[in-house]
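Here the structure is laid out as structure tokens; the discussion comes afterwards.
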Amino acid sequence: MKEHYAIAIDGPSGAGKSTLAKAIAAELKITYVDTGAIYRTIGYVAWQRGIAPEDEAAVLSLLPQLEIGIAHGGEDGLQHMLLDGEDITDQIRLPQISMYASAVSAIPGVRDYLLETQRTFARRQSVIMDGRDIGTVVLPDADIKIYLTALPEIRAQRRFLELEQRGTPKPFEEVLAEIIERDYNDMHRDVAPLRAAEDAVVIDTSELDFEQSRELLLKTIEERL
Ligand code: DC
């Protein structure tokens with residue numbers, strides 16, 4: 001096995017990227033980098049300050065004022081997001097932040113601003129990095145590229161159950177409509193749209209449970225390392 005390597009995991013929301021990437025990171029003892037959390041942090045600030053996330057000039061003017069910290073390797077081994085020193089890891093998961101994150105992520109200046117930060121992680125250590133453009137733009141030389149997907153209805157069903165368990169239920173139809181809208185935004189923006197890299201292994205988890213997906217992913221990775 002190589003000493004220092006990078007695994008890119010891209011795919012639409014709700015395909016299971018983060019849950020699986022966390023499990024793989026723990027198994028392989030490498031760092032899990034959640035790039036969506038960084039876009040969520042910027043989306044969160046826009047939301048908090050009442051800025052329309054499509055307002056390019058307003059969002060860009062926020063960037064130099066923000067002190068965004070990304071911490072790995074704490075007690076829980078997970079990635080924590082800090083904003084001006086405050087841990088906002090939980091706040092950025094609020095359901096309304098997803099669309100804000102998707103909208104700010106379509107702004108080219110926001111993507112440029114975050115590019116080097118993401119690349120630096122992979123230079124320093126072995127990583128499994130999840131996002132939308134990791135295999136295509138952020139780490140085009142990643143050792144392994146996975147495109148993880150599942151049917152929209154299945155992803156919506158998983159999200160629906162998750163919201164119910166969290167005590168913030170929403171009608172299934174609403175969850176599905178949001179998934180479809182976010183897929184559309186993420187796949188049709190001009191810069192770094194979501195798509196599978198040509199050399200990515202496509203894994204569809206529609207008919208797999210978590211354990212089956214984890215095993216398949218691990219096998220795919222170990223075969224290539
Ligand atoms: O993975 P997530 O759902 O937390 O990501 C939130 C949004 O951020 C997603 O809708 C699109 C954007 N994003 C992106 O454009 N590029 C990435 N590498 C990661 C996320």
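One-based numbering, in listed order, for ligands and for the atoms of each. This structure is a prediction, so every number in the text was calculated from the model and none was measured.
- Looking only at heavy atoms of the protein, atom 19 (C) of ligand 1 is closest to Thr35 OG1, 3.3 Å.
- Heavy atoms only, all atoms of each residue included: Tyr39 and Ser105 are closest at CD2-CB, 3.5 Å.
- In this structure, Pro12 and Arg155 approach most closely via the heavy-atom pair CB-NH1, 3.3 Å.
- The existence of a salt bridge linking Glu116 and Arg123 is confirmed by a sub-4.0 Å separation between a basic side-chain nitrogen and an acidic carboxylate oxygen.
- Nearest-residue assignment for atom 1 (O) of ligand 1 (options Lys17, Arg132, Glu181; heavy-atom criterion): Arg132.
- Remark: ligand 1 atoms within the under-4.0 Å shell around heavy atoms of Asp133 are 16 (N), 17 (C), 18 (N).
- Annotation: atom 4 (O) of ligand 1 to nearest protein heavy atom, Arg40 NE, 2.6 Å.
- Ion pairing between Arg159 and Glu178 fails under the 4.0 Å rule for side-chain N and carboxylate O.
- Only the side chain of Arg189 comes within 4.0 Å of ligand 1, counting heavy atoms alone; its backbone N, CA, C and O stay farther away.
- Protein heavy atom nearest atom 8 (O) of ligand 1, with residue, atom name and distance: Tyr39 CB, 3.6 Å.
- Salt bridge status for Asp34 with Arg40: absent, with no side-chain N to carboxylate O gap under 4.0 Å.
- Heavy-atom proximity to Ser105, at under 4.0 Å, picks out these atoms of ligand 1: 11 (C), 12 (C), 15 (O).
- A salt bridge is absent between Arg158 and Glu162: the closest approach of a Lys/Arg side-chain nitrogen to an acidic carboxylate oxygen does not fall below 4.0 angstrom.
- Counting atoms of ligand 1 from 1 in the listed order, those under 4.0 Å from a heavy atom of Asp186 are 9 (C), 10 (O), 11 (C).
- Electrostatic pairing of Arg132 and Asp10 does not count as a salt bridge here, judged by no charged N lying under 4.0 Å from a carboxylate O.
- Of the candidates Arg182, Arg111, Met129, the one placing a heavy atom closest to atom 15 (O) of ligand 1 is Arg111.
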